[in-house]
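Order of listing sets the numbers, starting from 1, for every ligand and every atom in it. Below, all heavy atoms of this structure are taken into account, side chains as well, without hydrogens, waters or symmetry copies.
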Amino acid sequence: MKTIDDLGDLRGKRVLVRSDLNVPLDGATITDDGRVRASVPTIRRLADAGAKVVVTAHLGRPKGAPDPAFSLEPVAVRLAEVLGQDVAFASDTVGASAHEVVAALGDGEVAVLENVRFNAGETSKDDAERGAFADQLAELADAFVSDGFGVVHRKQASVYDIAERLPAAAGGLVLAEVEVLKRLTEDPERPYTVVLGGSKVSDKLGVIDNLIEKADALLIGGGMVFTFLAAQGHDVGTSLLESDQIDTVKGYLARAAEKGVDIVLPTDIVVAPAFSADAPATTVAADAIPSDQMGLDIGPESGAAFARLVAGSRTVFWNGPMGVFEFAAFAAGTKAVAQALTEVDGLSVVGGGDSAAAVRRLGFDDDQFGHISTGGGASLEFLEGRELPGLQILEG
Ligand SMILES: Nc1ncnc2c1ncn2[C@@H]1O[C@H](COP(=O)(O)OP(=O)(O)O)[C@@H](O)[C@H]1O
Ligand SMILES: O=C(OP(=O)(O)O)[C@H](O)COP(=O)(O)O
């Protein structure tokens, strides 16, 4: 992959940096600034080289139009604090404000553009529509640095198409992430266990297909669980469920059994009548979820079983909290798995914005893990051995 060194002398040049600043927010308050901190070294390096640094990033999944709830402005404020220098903010991504802010940048100064996903072209499946938006982004810069590891699995304008339009290079974060994750793909020490949870179920279920070929055991928690339980014929009440994936999941279970790969499901679940911090929590058997309750965490018996399997592995990759850790009553499963990862005699990797936020919020330090990856979906697809569009476009 091309690196920043390949871009030559950057003094006075406008460099567009794609960062992953998709941080968890409570209102306008950032609850974990890990992705901001991870983005700073590349931004600092470019600013120190005298570039005019234009940062582009997304926040959440707005629907291709401006939505104040997903403004990057609070994130730009936090970036300025962590960088220790002023950061200008453009109230649009490629419009008059962006052009004005970029034109006003001096050498070594930094600006953040408003949420790139406020523009329908960013995530469009139509190549021409995405390309037209990438053309507009490209007008704002002389070179492109891809540093948002968490989005390199997305074929999106600010990740992929832009790299076809400007001299492009991988930033330090992307290079560092790839370096560590390669260790998990090249002959991992066994047993190799992958723990999957979280709420992006439809996005991430597909990775199981390839991971069955690579890992010795797959532990399923979080919102992932319920499509599996439904595939086994159980009622999952009002839990998160991808009904159209039930047949696919049945196929995974059958193939894993054939290959001798353990797909381990929780045997007990913490349920509540509503998705809220103070909903009364009870623990039930995984095959007896009441029809008016939703599963919000794996139960204590499952937490202990998952912890034993994790701690006994030599290589562990974990993406996706085991429950709704943001609410104390549903954080125990995530805490049990996190604790077990710290005890692994080998390589333990936590991936994903919320998973990283969870371990920090539950009192763990980053250095208790082998690596904390900023990307969940991106690292999972990397481990699958898939070609990631945002990396492939930087090659050559
Ligand atoms: N049983 C569940 N039902 C609903 N949401 C869940 C459940 N378990 C975990 N979650 C949610 O999953 C979210 C994180 O999912 P995801 O974005 O896939 O992880 P990451 O950002 O680490 O890749 C958390 O906000 C958590 O509350
Ligand atoms: O949060 C992210 O991914 P993750 O939850 O898989 O870690 C990235 O910012 C990508 O976001 P997206 O999954 O909305 O494309």
- Contact residues of ligand 2 (heavy atom under 4.0 Å), by chain and number: Asp20, Asn22, Arg35, His58, Arg61, Arg117, Gly150, Val151, Arg154, Lys200, Lys204, Gly352, Gly353, Gly375, Gly376, Gly377
- Does ligand 1 have a heavy atom under 4.0 Å from the side chain of Lys204, from its backbone, from both, or from neither? side chain
- Item | Donor-acceptor side-chain pairing of Gln245 and Ser202 below 3.5 angstrom | no
- Evaluating non-hydrogen atoms only, which member of Leu241, Val324, Asp354 is closest to atom 6 (C) of ligand 1? Val324
- Query: Are the side chains of Val112 and Val75 in touch, meaning some heavy atoms are under 4.5 Å apart?
  - Reply: no
- Note on the structure: One should read off an interatomic distance between Leu113 CG and Leu16 CG, to the nearest 0.5 angstrom, of 6.5 Å
- Message: Yes or no: does Phe226 have any heavy atom under 4.0 Å from an atom of ligand 1?
- Response: yes
- Message: Going by the rule side chain to side chain donor-acceptor pair (under 3.5 Å), which residues pair with Ser146 if we only count those two or more places apart in sequence or in a different chain?
- Response: none
- Query: Could Arg255 and Glu213 be called an ion pair, given the rule that one side-chain N must be under 4.0 Å from one carboxylate O?
  - Reply: yes
- Minimum non-hydrogen distance to atom 3 (N) of ligand 1, winning option of Gly295, Gly198, Ser199: Gly295
- Kindly indicate whether the side chain of Val145, heavy atoms from C-beta on, has any atom under 4.5 Å from the side chain of Arg18. no
- Query: Any side-chain heavy atom of Asp354 sitting closer than 4.5 Å to one from Pro24?
  - Reply: yes
